[in-house]
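Notes to accompany the following structure.
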2 protein chains.
Amino acid sequence: MDSKTLCLAVLLKGDASGYEIKKALESAPLSHFQDTSFGSIYPALNRLTAHGQAVCREEAQDKRPDKKVYSITQDGRRALVEALLQPPGPDRYRSDFLFVLFLAELLPAGHLAQVVDSRIALYDERIAHMEACDCAQGQAAPDYVHGFGLAIYRAAADYLKRHRDEIIAGAAQESRRVAE
Amino acid sequence: MDSKTLCLAVLLKGDASGYEIKKALESAPLSHFQDTSFGSIYPALNRLTAHGQAVCREEAQDKRPDKKVYSITQDGRRALVEALLQPPGPDRYRSDFLFVLFLAELLPAGHLAQVVDSRIALYDERIAHMEACDCAQGQAAPDYVHGFGLAIYRAAADYLKRHRDEIIAGAAQESRRVAE
DNA sequence: TCCATCATATATCGATGCGATATACGCATG
DNA sequence: CATGCGTATATCGCATCGATATATGATGGA
């Protein structure tokens with residue numbers, strides 16, 4: 001989803017500065033499926049302001065840079081709903097890890113095992129974090145986003161664990177074949 | 001993974017033009033986890049050529065634009081392996097669908113049901129396509145990438161199907177609450 | 001105590017990437 | 001006989017990513 005819409009979604013829940021929007025996007029269950037950087041947020045807020053979809057007021061702070069606090073406008077609410085009504089494009093799963101796995105035969109012996117094991121650890125860590133996170137407040141929509149994320153990570157971790165040994169053995173065999 | 005590395009990976013399996021590289025990236029099991037456009041591939045090939053990681057020869061064709069066929073060089077092979085040895089960053093799952101689900105309460109009644117059902121259909125279609133695809137030639141690395149993708153899509157479809165009714169009922173209830 | 005690092009807060013820069021578009025021709029389908 | 005699709009190249013504008021600059025207070029370890 002584009003940065004403007006992401007910002008509007010955060011502002012809908014309450015006024016916020018660019019910095020606070022970034023934090024909000026990092027903490028929500030949504031953080032696993034959407035992401036932005038300051039390099040996207042600040043220009044997006046400017047565009048939003050220019051188009052009347054948000055307004056900005058500056059709050060002076062003691063010994064800190066001024067805080068620019070943004071609020072969503074009625075026009076912004078309209079734009080957000082309009083964006084939500086567009087048929088969402090397909091999910092996109094980007095994985096450099098799987099690219100490495102795909103070309104495993106090019107790697108020195110042992111390297112793949114280390115990469116696979118690190119990845120399993122990474123998935124497990126993510127899962128533990130999500131299970132610990134106390135996001136289930138009822139039957140609201142955010143809980144399902146959270147549940148979806150958990151289901152995906154568990155499937156990924158499970159698949160890798162079930163095939164770990166074969167993958168590593170297969171790559172070792174393949175490396176020998178290529179070397180000949 | 002950056003476009004240059006993606007191009008090198010394709011060129012490793014054989015010489016190819018920009019157009020053929022695009023097709024190769026679309027057809028491999030990898031296509032679900034990596035993706036590029038012409039707007040990335042052609043500049044990447046130019047950079048590759050400039051840095052001596054690929055060479056280009058022009059092939060005249062009858063009644064067609066000339067074909068620029070690229071080959072990987074020894075330097076290119078080195079660069080590819082070097083890229084593969086970098087610790088891969090975390091997977092990134094981008095989903096506009098989950099963003100819509102997250103903000104379900106803003107949608108008109110009935111819209112969410114339609115979006116969820118479309119998404120289930122989309123996942124099922126992808127799964128059917130991947131199951132039909134005759135990618136399993138043995139125990140090679142690409143098979144595991146294929147298997148990983150299938151596992152993820154199955155988990156996604158399964159989660160959505162199991163929670164479909166709750167999600168839709170919950171959103172309807174939430175909409176009423178917000179409307180009050 | 002001092003130095004490093006982190007958290008708060010804004011913002012920009014260059015490189016990269018995405019999606020649409022332009023050009024050009026043959027072939028098939030309706 | 002026209003419309004669109006497949007082959008083939010390439011570029012344009014805009015969005016985005018990751019790093020960096022600037023400034024200050026708080027925290028914490030050597």
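Chain letters run A, B, ... following the sequence lines, proteins first, then strands; residues in each count from 1. Values reported hereafter were calculated over all heavy atoms of this structure, with side chains retained and with hydrogens, waters and symmetry mates removed.
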* **Passing option when B/K67 is tested against B/E58, B/E59, B/E20 for salt bridge (Lys or Arg N to Asp or Glu O under 4.0 Å)** => B/E20
* Looking at B/D91, B/D35, B/D2, which hits salt bridge (Lys or Arg N to Asp or Glu O under 4.0 Å) with A/R94? -> B/D35
* **Earlier contact from the 5' end, DNA chain C, for A/R92 and A/G18** => A/G18
Taking [atom1] from [X] and [atom2] from [N], how many angstroms apart are they, rounded to a whole number?
X	N	atom1	atom2	answer
B/K67	D/dG6	NZ	P	17 Å
B/D35	C/dT16	CG	C1'	14 Å
A/K4	D/dC14	NZ	P	12 Å

Report yes if at least one side-chain N or O of [X] is closer than 4.0 Å to OP1 or OP2 of [N]; otherwise report no.
X	N	result
B/S3	C/dG17	yes
A/R47	D/dA15	yes
B/Y19	D/dT7	yes
A/S17	C/dT10	yes

* Asked: Parallel, tilted or perpendicular for B/F148 and B/F33, by the 30°/60° rule?
  -> perpendicular
* Asked: For A/E26, does the CD atom have more than 12 heavy-atom neighbours from other residues, nucleotides or ligands under 6.0 Å away?
  -> yes
* **4.5 Å side-chain heavy-atom contact, A/I21 and A/T36** => no
* Structure fact -> Partner of A/K4 under side chain to side chain contact (heavy atoms under 4.5 Å, CB included), picked from A/L45, A/L80, A/L48, is A/L48
Protein and nucleotides 11-13 of chain C: nitrogen or oxygen contacts under 3.5 angstrom:
from	atom 1	to	atom 2	distance (Å)
C/dA11	OP1	A/K68	NZ	2.2

